[in-house]
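Taking it in order: structure first as structure tokens, then the write-up.
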Amino acid sequence: KNEVEQSPQNLTAQEGEFITINCSYSVGISALHWLQQHPGGGIVSLFMLSSGKKKHGRLIATINIQEKHSSLHITASHPRDSAVYICAVSMHGGSQGNLIFGKGTKLSVKP
Amino acid sequence: KAGVTQTPRYLIKTRGQQVTLSCSPISGHRSVSWYQQTPGQGLQFLFEYFSETQRNKGNFPGRFSGRQFSNSRSEMNVSTLELGDSALYLCASSYTFTASGYTFGSGTRLTVV
């Protein structure tokens, strides 16, 4: 079993829809990261969470430490949100760079 | 301010050769981490450097090595290349190695033929 599991693997949405991507992990963590990767490979760090909720524009990330679960929400989705979204965790007691990654969720938003 | 710069962007090497990839972090960032991304294994942690010291190493063979210079620039080296080393190699930098966000470079796409 992977230490970081994401669902769904693939997601197709219509422009304007509310989108949720889920991440579950099985290890103790010091932080959880949500990353965005566009075709071509470059990765953008969206959020780093250790508790609660963070919001940036149309993106919201939440984490429930007790349930070892995090969600990434996109409100009013747009075709430019089409990308792969990757959840990654830094293990408790480890350094932040030593990340364990999920397999990613490929999001396609249709106009 | 300039982002994380990785060079070269693309590279084609022959099996058995060695390769050196470079990563220049954001000015002031002292932590650099390297990752390998392949279609089969996804993203995997290679190593992490802070102030010229290797802090952590992922589960990769000894053919993979790296170093960090006093200006925080980092290089990784892969010797005796194998076809399976074909991947996107990403580096990320941060100010410290604990509890800080990361900025990723655009990656170096290595193809081994």
Side-chain angles (χ1 to χ4, degrees), chain A residues 1-7 9-10 21 23 25 27-52 54-56 59 61 63 65 72 83-106, chain B residues 3-6 9-10 23 25-26 29-51 53-60 66 68 72 74 76 87-111:
Chain A
K1 184 177 186 296
N2 293 330
E3 291 161 306
V4 179
E5 299 269 5
Q6 284 186 240
S7 63
Q9 280 189 300
N10 294 282
I21 299 170
C23 176
Y25 52 91
V27 296
I29 68 168
S30 57
L32 182 142
H33 303 255
W34 281 104
L35 311 171
Q36 180 193 57
Q37 186 172 34
H38 281 282
I43 288 180
V44 174
S45 179
L46 298 174
F47 296 103
M48 184 177 78
L49 295 160
S50 54
S51 64
K54 288 191 176 180
K55 183 176 189 290
H56 185 257
L59 273 58
I63 188 168
I65 296 294
L72 176 68
V84 176
Y85 292 84
I86 301 167
C87 171
V89 301
S90 307
M91 286 176 60
H92 183 71
S95 60
Q96 291 295 311
N98 189 353
L99 296 172
I100 304 172
F101 296 88
K103 297 292 187 190
T105 295
K106 186 174 182 180
Chain B
V4 177
T5 303
Q6 290 189 246
R9 286 296 310 276
Y10 302 92
C23 174
I26 288 175
H29 283 191
R30 295 163 64 194
S31 177
V32 174
S33 297
W34 288 89
Y35 307 94
Q36 181 198 62
Q37 185 176 35
T38 59
Q41 298 297 320
L43 275 159
Q44 294 181 282
F45 168 73
L46 276 160
F47 18 67
E48 179 180 26
Y49 289 89
F50 180 78
S51 291
T53 301
Q54 187 178 87
R55 303 291 305 188
N56 270 298
K57 188 175 197 293
N59 189 23
F60 279 82
Q68 187 180 33
S72 294
S74 178
M76 65 163 282
L88 178 67
Y89 291 88
L90 291 151
C91 79
S93 75
S94 64
Y95 182 66
T96 69
F97 64 92
T98 57
S100 60
Y102 285 94
T103 303
F104 284 80
S106 298
T108 293
R109 189 166 295 278
L110 170 66
T111 302

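Every value quoted in this text rests on a predicted model; they were computed, and no experiment measured them.
- Contact detail for A/N98 and B/E48: the closest heavy-atom pair is N-OE1, 4.0 Å.
- For B/Q41, the side-chain hydrogen bond (donor to acceptor under 3.5 Å, both in side chains) criterion is met by no residue, not counting sequence neighbours.
- To the nearest 0.5 angstrom, A/H38 atom NE2 is 12.0 Å from B/S106 atom OG.
- Taking the six-membered ring for Trp and thresholds of 30 and 60 degrees, B/Y102 and A/H33 have ring planes inclined between 30 and 60 degrees apart.
- Contact annotation: the side chain of A/L99 never approaches that of B/F45 to less than 4.5 Å [non-hydrogen atoms, C-beta and beyond].
- For a residue to count as touching a neighbouring chain, one of its non-hydrogen atoms must lie under 4.5 Å from one of that chain's; by this rule B/Y35 touches chain A with the side chain only.
- Taken to the nearest 0.5 Å, the CG atom of B/N56 stands 10.5 Å off from the CE atom of A/M91.
- The heavy-atom pair separating B/S33 from A/G97 by the smallest distance is OG-CA, 3.4 Å.
- For B/K57, the NZ atom is densely surrounded, since the number of other residues' heavy atoms within 6.0 Å is greater than 12.
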* Passes side-chain contact (heavy atoms from CB on, under 4.5 Å), B/F104 versus A/L35? Steps please. -> CA-CA 10 Å; B/F104 284 80; A/L35 311 171; 3.9 Å; yes
* In sequence, state the C-alpha distance, the side-chain angles, and the governing distance for A/I43 and B/L43, and then conclude on side-chain contact (heavy atoms from CB on, under 4.5 Å). => CA-CA 11 Å; A/I43 288 180; B/L43 275 159; 3.9 Å; yes
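- Considering only residues two or more places apart in sequence or on other chains, B/S51 meets the side-chain hydrogen bond (donor to acceptor under 3.5 Å, both in side chains) condition with B/R30.
- Residue A/I100: no heavy atom, backbone or side chain, is found under 4.5 Å from chain B.
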